[in-house]
Protein chains: 2
Amino acid sequence: MRPPKTGPADGRKSDSLTMADLAKVAGVSAITVSRALRDSPLVNPETRARIAEIARQYGYAFNVSARNLRLRRSMTVAVVVEMKPTLERQMSGPYPLDLLGGITQELTSSGYSVLLTSLQGGALSHVQAADGVILLGQGAHEDAMHEVQGWGRPMVVWGAVSRHESHVVVGSDNRRGGALAAERFLALGRSRPVFLGDPAHAEFAERLEGFAGTLSKYGITPFTPMVSSFTVTAGAEAVHALLAQHPQIDALFAASDLLAIGAIRALIEHGRRVPDDVSVIGYDDTPLGATYVPPLSSVHQNFIDAGVLLARKIRTLIEGQPATSETLPTHLVLRAT
Amino acid sequence: MRPPKTGPADGRKSDSLTMADLAKVAGVSAITVSRALRDSPLVNPETRARIAEIARQYGYAFNVSARNLRLRRSMTVAVVVEMKPTLERQMSGPYPLDLLGGITQELTSSGYSVLLTSLQGGALSHVQAADGVILLGQGAHEDAMHEVQGWGRPMVVWGAVSRHESHVVVGSDNRRGGALAAERFLALGRSRPVFLGDPAHAEFAERLEGFAGTLSKYGITPFTPMVSSFTVTAGAEAVHALLAQHPQIDALFAASDLLAIGAIRALIEHGRRVPDDVSVIGYDDTPLGATYVPPLSSVHQNFIDAGVLLARKIRTLIEGQPATSETLPTHLVLRAT
DNA sequence: ATGAAAGCGCTAACAA
DNA sequence: TTGTTAGCGCTTTCAT
């Protein structure tokens with residue numbers, strides 16, 4: 001038995017006003033309210049306006065759960081992010097936020113909700129409810145990828161495009177990014193370049209491929225010292241070790257700005273001048289790099305656009321249409337290094 | 001009429017298996033499945049285990065919408081973030097991500113979903129469906145605050161605690177942060193300090209209060225030049241202008257690391273040595289500041305803890321219990337400046 | 001252009 | 001410990 005409904009006039013705050021209630025007030029049926037509120041062309045414009053006004057006036061709040069149950073979809077996209085409080089994470093800096101911004105903007109404006117999850121705890125049940133899943137940073141989520149794919153749910157991944165043919169990946173053009181750095185070094189006449197970054201990360205591997213591939217046309221093979229993590233200190237340590245063996249290096253391309261900054265620090269400690277003795281290019285074009293002294297040259301990617309694209313892809317997939325992997329343009333921002 | 005259900009045995013992928021289906025397989029009723037899946041003590045442990053196993057085996061996916069409709073709550077918390085692609089935003093850098101990380105971690109592990117919205121477009125309807133709302137960065141959301149409060153929905157705000165008594169605010173101890181900077185300068189014997197930051201921002205105003213309050217005990221009044229935005233250039237320009245009038249300054253406390261870095265740049269351009277001639281302290285303890293040359297001293301706040309606290313508060317509120325505003329500890333990280 | 005009927009999948013309330 | 005009944009608020013048929 002439904003409790004007696006009270007209008008706003010009697011002062012009691014009725015916290016759940018339904019379409020049926022509005023219908024009663026408007027003197028129509030619930031389905032007409034439903035249609036009116038969705039701007040259906042089936043309903044008389046006047047009726048529609050009147051109902052809209054009543055809804056507004058009564059503070060009606062649409063019940064998303066009811067619609068979702070009826071429609072058998074959640075109108076929700078889960079975004080899985082790596083948010084462990086670690087300095088070693090790749091998804092640090094403002095980029096994930098830009099990515100999230102792009103995703104959210106595009107998705108909310110097309111009627112979807114964005115569900116943020118980290119997959120740390122037992123968050124899987126939340127993700128299961130979503131109509132689609134966006135994975136940010138495939139590196140950390142290889143297992144999550146398979147899990148999600150096992151559910152047969154639409155999925156889009158942000159990461160290295162080349163690696164996995166089995167699902168839709170959006171990523172920036174890491175190969176081109178690497179090639180751009182190589183071209184720059186060649187133009188400067190540098191002949192002993194270094195690549196700094198762990199190729200175990202798919203995206204880094206692509207950057208190295210583009211870098212080494214372009215250099216190889218000129219018979220140059222870059223040094224590729226071991227780097228275990230993404231931190232400033234890791235970059236510095238790698239360069240320290242490298243200089244001991246190969247003091248003659250004259251150019252350095254790092255897979256992230258953080259590594260590049262660490263490298264510059266180490267270079268300077270060893271008496272090398274940047275960029276006079278050693279040219280340095282970073283990756284991601286972070287504010288950190290841009291405000292560093294000297295301001296760091298870096299390969300730029302537009303994360304907001306990337307987010308929008310990810311969102312479009314997942315929507316396409318959810319709507320049952322095919323989507324393909326895509327690569328985003330990249331360009332080199334030249335600064336002091 | 002329900003379409004005939006097909007088990008996984010016949011090969012056809014049944015995309016919506018219900019509790020009733022599981023019940024049929026297990027030879028029990030739907031409600032028993034419901035209880036079993038929720039680990040209700042009412043159900044026989046053996047039955048429960050058997051049902052759990054069947055659910056797993058059949059790849060059952062719980063229907064959140066149905067539960068939410070029935071329970072008349074969404075088990076969802078909306079997080080409203082400012083994500084405009086602007087350099088002037090305060091919510092830049094990795095902090096919002098840490099904040100989001102803390103929130104997500106705490107909320108998902110207690111059964112809630114985190115809905116990310118930016119309030120750019122007509123995202124309000126999404127937010128309305130949430131059981132509670134967390135506002136990140138009150139500055140940009142004064143209007144959103146009132147809107148949400150108008151709905152009578154639980155709300156928690158991240159920002160300056162002192163300003164608004166009408167709702168629950170979690171923020172770091174900005175006054176103490178300012179006081180710490182002042183104490184440091186006093187200990188160094190500095191007597192002509194500057195505060196850099198637009199006090200129109202509530203949090204900045206608190207930092208200034210703490211700073212100026214502590215200094216006033218020693219009869220010192222800081223310079224407070226106009227600063228319009230949060231960027232490096234804004235910091236540099238403000239200091240340029242200030243030095244023209246007051247060349248004798250010997251300490252500078254900036255409301256953000258970005259401003260501090262701009263300030264340092266300007267100081268050096270004017271021939272001042274940092275920290276020999278002018279001591280500088282920033283705010284937020286960003287990697288940007290930490291890796292700067294010279295490494296920037298800064299007031300640190302723990303954003304992950306803050307996120308967790310925000311999440312706890314909103315949960316408390318949703319559960320109908322009272323919650324109070326709270327202030328998080330802050331400490332000064334001394335580096336080279 | 002509007003309405004009536006039915007049911008999406010789940011769980012509280014009340015039996016048994 | 002388990003089951004029956006009923007209904008959360010919405011929207012897709014299928015009428016009118």
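Side chains are part of it too, since the values below use all heavy atoms of this structure and drop only hydrogens, waters and symmetry mates. The chains referred to below are lettered A, B, ... by the order of the sequence lines, with proteins before strands, and numbering in each begins at 1.
- Arg70(B) contributes no side-chain N or O that forms a donor-acceptor pair with the base of dG9(D) under 3.5 Å.
- Taking the side chain of Met19(A) as heavy atoms from C-beta on, and the options dT11(C), dT12(D), dC10(D), the nearest nucleotide is dC10(D).
- A donor-acceptor contact under 3.5 Å is not formed by the side chain of Arg72(A) with the base of dG7(C).
- Within the structure, every side-chain polar atom (N or O) of Thr32(B) is placed at least 4.0 Å from both OP1 and OP2 of dT2(D).
- For the OP1/OP2 pair of dT11(D) and a distance below 4.0 Å, the side-chain nitrogens and oxygens of Ser34(A) include at least one atom meeting the criterion.
- The listed nucleotides are dT11(D), dG9(D), dT2(D); the one nearest the side chain of Leu69(A) is dG9(D).
- Distance from the side chain of Arg38(A) is smallest to dT11(D) among dG9(D), dT2(D), dT11(D).
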Stepwise side-chain hydrogen bond (donor to acceptor under 3.5 Å, both in side chains) test for Thr316(A) and Arg312(A): CA-CA 6 Å; Thr316(A) 306; Arg312(A) 296 222 174 107; over 6 Å; no
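- Taking a 6.0 Å sphere around CD of Gln321(A), one finds it holds more than 12 heavy atoms contributed by other residues, nucleotides or ligands.
- One atom, CZ of Arg67(B), and another, P of dG9(C), lie 16 Å apart when rounded to the nearest Å.
- Here the shortest heavy-atom pairing between Met155(A) and Leu135(A) reads SD-CD2, 3.9 Å.
- Straight-line distance from the CZ atom of Arg35(A) to the P atom of dA1(C): 11 Å, rounded to whole Å.
- Thr47(B) comes within 4.0 angstrom of sugar-phosphate atoms only, judged by non-hydrogen atoms across all strands, and of no base.
- When all heavy atoms of Asn302(A) and Leu328(A) are compared, the pair lying nearest together is O-CD2, 4.2 Å.
- Here dT2(D) presents its C1' atom at 18 Å from NZ of Lys24(B), a figure rounded to the nearest Å.
- One interatomic measurement links the two molecules: CZ of Phe62(B) to C1' of dG9(C), which rounds to 9 Å at whole-angstrom precision.
- Listed nucleotides dG9(C), dT1(D), dA1(C) differ in distance to Asn44(B); the shortest reach to its side chain belongs to dT1(D).
- Heavy-atom distances to DNA chain D give each of Ala66(B) and Gly27(B) a nearest nucleotide, and the one nearer the 5′ end belongs to Gly27(B).
- Residue whose closest nucleotide on DNA chain D sits further toward the 5' end, between Ala30(A) and Ala30(B): Ala30(B).
- Between dT12(D), dG9(D), dT2(C), one nucleotide has an atom nearer to the side chain of Leu42(A) than all others, and that is dT2(C).
- Leu71(A) places its CG atom 13 Å from the C1' atom of dG7(C), with the value rounded to the nearest Å.
- Distance, Arg48(B) CZ to dT2(D) C1': 14 Å, rounded to whole Å.
- Taking both residues in full, the closest heavy atoms of Ser74(A) and Ala130(A) are given as OG-CA, 3.6 Å, listed atom of the first, atom of the second, then distance.
- Closest of all the heavy-atom pairs between Leu136(A) and Trp158(A) is CD1-CB, 4.0 Å.
- If you measure from atom CD1 of Ile31(B) to atom C1' of dA13(C), you get 10 Å, rounded to the nearest angstrom.
- Relative to the side chain of Ser29(A), the nucleotides dA4(C), dT1(D), dA1(C) differ in distance, and dA4(C) lies closest.
- Taking atom CG of Asn63(A) as the reference point, atom C1' of dG9(C) lies 14 Å away to the nearest angstrom.
- Closest to the Thr18(A) side chain, of the nucleotides dT11(D), dC10(D), dA13(C), is dC10(D).
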